[in-house]
Every structure is written in C-alpha cells, then in structure tokens.
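Contents: one structure, followed by commentary.
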Amino acid sequence: MSASDQEPCTRVHLWHDLTAVADARRALVRDLEAGGVDRRAVEDAVLVFSELASNAVEHGRPQDCGHVEATWCLLPDRARITVVGEVDTDLGEEVLERFKPGDPSEFAARGRGLAIVDHVCDRWGVDLADDGVRVTAELSLRS
C-alpha cells in the first residue's frame, strides 16, 4: 500500500504537538473538497487521519528530524492515509501488538481510536520500516 510517483499525494510533517494535527486536518479537508469528494467521505477520511496522526503524536516519538510524517493520496475512488513515527526499536516486532483495536469498557474515556479506524476503513495495517512504524489506511471516497 505504498504511494507511487504517479499518485496525487500530499506529504506533511507534523511537529510533535497536537495542534499540528489540526493544521494538517484542515489541509486534508481542502484537498478532499477540491477533489469534489462528498461530505460523508470527507468526514470519514478526516476521522481516520485524526486518529492515526493524533496517536502518532501523542503516543509515539518524533523521528530524528523532530516530526511525524503523514501522507494522504487521493485516488479516483479511495484515499490512502499513511502516518510514520518512531518507536522503541528495542521492542522489535512486539511493538506491532500496540496497534490492535481495543475493546474498552463502555465507561472508558479512551481506547476506541483503532476500532473506529478498523470500522471505517476498507483496509489498514501496520508495518515496521526503516523510518519507524508505518500505519496505512485506505477508505472509499464513494458514498
């Protein structure tokens, strides 16, 4: 699920601060609306982006350059959202266990983000890369 040079993609660097996620989210909305994507699909894509990017900024570490990298590719029928952040490399493959959708109690204030991503997306996954942990999600832009 990686981006190719022919795909219309936008790459942003999110400083390790949640306000950077809000700024990037606004840019994603502009790109989706400029592409004529309907409101429901825009909301779904923004929800997925917000969950992935916020998790990377809040729970991960910035890359050596001080930021988390996020990319969205708008294809004719779908969006691909990718977020890359640093993790504790001493954990190796075990770090992937952190990326399983939770099943929090109905009273829990947090822990539903990846379950939401799992529900909204057509597919998503996590892999270890040279540049950290890469989370990629794809969702339909058709209603």
Side-chain angles (χ1 to χ4, degrees), residues 1-5 7-75 77-92 94-143:
M1 285 196 282
S2 64
S4 75
D5 292 335
E7 294 175 349
C9 298
T10 300
R11 176 170 287 135
V12 295
H13 295 148
L14 307 173
W15 295 110
H16 219 251
D17 179 327
L18 289 176
T19 59
V21 175
D23 293 340
R25 191 172 43 237
R26 285 188 285 276
L28 173 60
V29 168
R30 283 191 301 272
D31 284 358
L32 291 165
E33 289 176 344
V37 175
D38 73 53
R39 191 78 213 148
R40 180 174 177 186
V42 169
E43 290 170 357
D44 286 349
V46 168
L47 176 63
V48 169
F49 176 82
S50 293
E51 289 297 336
L52 298 182
S54 295
N55 281 349
V57 169
E58 188 173 354
H59 301 296
R61 295 189 321 238
Q63 295 173 304
D64 290 340
C65 54
H67 64 259
V68 169
E69 183 177 282
T71 305
W72 55 84
C73 301
L74 306 182
L75 307 166
D77 62 342
R78 68 193 188 293
R80 180 182 306 119
I81 298 167
T82 304
V83 178
V84 180
E86 286 288 323
V87 295
D88 185 352
T89 54
D90 293 339
L91 294 175
E94 291 178 30
V95 76
L96 299 178
E97 292 298 315
R98 296 180 181 176
F99 293 90
K100 292 193 177 183
D103 188 18
S105 77
E106 63 185 280
F107 302 107
R110 303 171 57 101
R112 293 174 184 80
L114 291 178
I116 292 169
V117 170
D118 191 54
H119 179 76
V120 172
C121 291
D122 298 324
R123 64 185 180 157
W124 73 280
V126 183
D127 62 279
L128 291 176
D130 292 339
D131 48 357
V133 169
R134 178 181 293 117
V135 182
T136 303
E138 285 191 1
L139 64 152
S140 176
L141 292 180
R142 296 185 180 178
S143 44

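Looking at Leu139 and Ile81, their side chains come closer than 4.5 Å, going by heavy atoms from C-beta outward. Side-chain contact check for Leu75 versus Pro8: some heavy-atom pair is nearer than 4.5 Å. At least one side-chain heavy atom of Leu32 sits less than 4.5 Å from a side-chain heavy atom of Leu141. Counting heavy atoms from C-beta on, the side chains of Val84 and Val135 never come closer than 4.5 Å. Between Leu74 and Val37 the shortest side-chain heavy-atom distance does not fall below 4.5 Å.
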Check the pair Asn55, Leu114 against side chain to side chain contact (heavy atoms under 4.5 Å, CB included), reporting the backbone distance first and the verdict last. CA-CA 9 Å; Asn55 281 349; Leu114 291 178; 4.1 Å; yes

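From Thr71, atom OG1 reaches atom CG of Leu28 across 11.5 Å, with rounding to the nearest 0.5 Å. From Arg78, atom CZ reaches atom CG of Asp122 across 9.0 Å, with rounding to the nearest 0.5 Å. In this structure, OG1 on Thr82 lies 9.0 Å from CZ on Arg11, to the nearest 0.5 angstrom. One finds the CZ atom of Arg40 at 10.0 Å from the OG atom of Ser140 (value rounded to the nearest 0.5 Å).
Taking every heavy atom of both residues into account, Ser54 and Val21 meet most closely at OG-CG1, 3.7 Å. The two residues Phe49 and Ala70 have their closest heavy-atom pair at CE1-CB, 3.7 Å. Here the shortest heavy-atom pairing between Ala20 and Leu14 reads O-CD2, 3.5 Å.
Between His13 and His67, the angle of the ring planes stays under 30°, which puts this pair in the parallel group of the 30/60° scheme.
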